[in-house]
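Working notes, structure below.
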Amino acid sequence: MMAEKRKPPGSKLDPEKYARLKAEAKAPYRGLRKFIYFTFGASGLIGAVVFLAQLAAGRDVATALPNFALQVGVVALMIFLFRWENEVERKG
């Protein structure tokens with residue numbers, strides 16, 4: 001008999017809920033982390049669009065270019081972390 005399919009002794013939880021709680025115990029706050037990755041990525045994307053518009057207009061290029069690069073880096077980092085989180089979720 002498989003351990004995941006059984007109910008824990010003396011428990012009234014159904015097996016699906018027990019498995020979900022067990023997965024949450026293995027990786028706490030996974031949903032919160034994904035939400036943070038998404039919101040920071042969206043914020044970085046908005047910032048990148050703003051600084052790209054400044055670069056296209058030729059306004060204050062000396063400060064807009066590093067800021068644009070930073071925003072693109074934030075977006076890339078959030079995409080990397082989100083994909084990594086999904087990969088760990090699939091394996092684990």
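Just so we're clear, the structure is a prediction, and the values are computed from it rather than from any experiment.
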**Message:** Does anything in residues 61-76 form a salt bridge (Lys or Arg N to Asp or Glu O under 4.0 Å)? List the pairs, not counting sequence neighbours.
**Reply:** none
**Check against salt bridge (Lys or Arg N to Asp or Glu O under 4.0 Å), K91 and E87** = CA-CA 6 Å; K91 287 183 180 180; E87 183 179 323; 3.3 Å; yes
With a 3.5 Å cut-off and sequence neighbours excluded, list the donor-acceptor pairs that the side chains of residues 56-82 form with protein atoms.
unit_1	atom_1	unit_2	atom_2	d
D60	OD1	T63	OG1	3.4
D60	OD2	T63	OG1	2.7
T63	OG1	D60	O	3.3
N67	ND2	T63	O	2.9

Side-chain donor-acceptor distances from residues 35-52 under 3.5 Å, at least two apart:
unit_1	atom_1	unit_2	atom_2	d
T39	OG1	F35	O	3.1
T39	OG1	I36	O	3.1

**Fill in**
Those residues at least two apart in sequence (or on a different chain) that pass side chain to side chain donor-acceptor pair (under 3.5 Å) with K34 are N86, E89
**Message:** side chain to side chain contact (heavy atoms under 4.5 Å, CB included), that's the test. Do W84 and V88 meet it? Break it down for me.
**Reply:** CA-CA 6 Å; W84 188 23; V88 169; 3.8 Å; yes
**Item:** Those residues that, when tested against R33, pass salt bridge (charged side-chain N to carboxylate O under 4.0 Å, His left out) (two or more places apart)
**Value:** E85
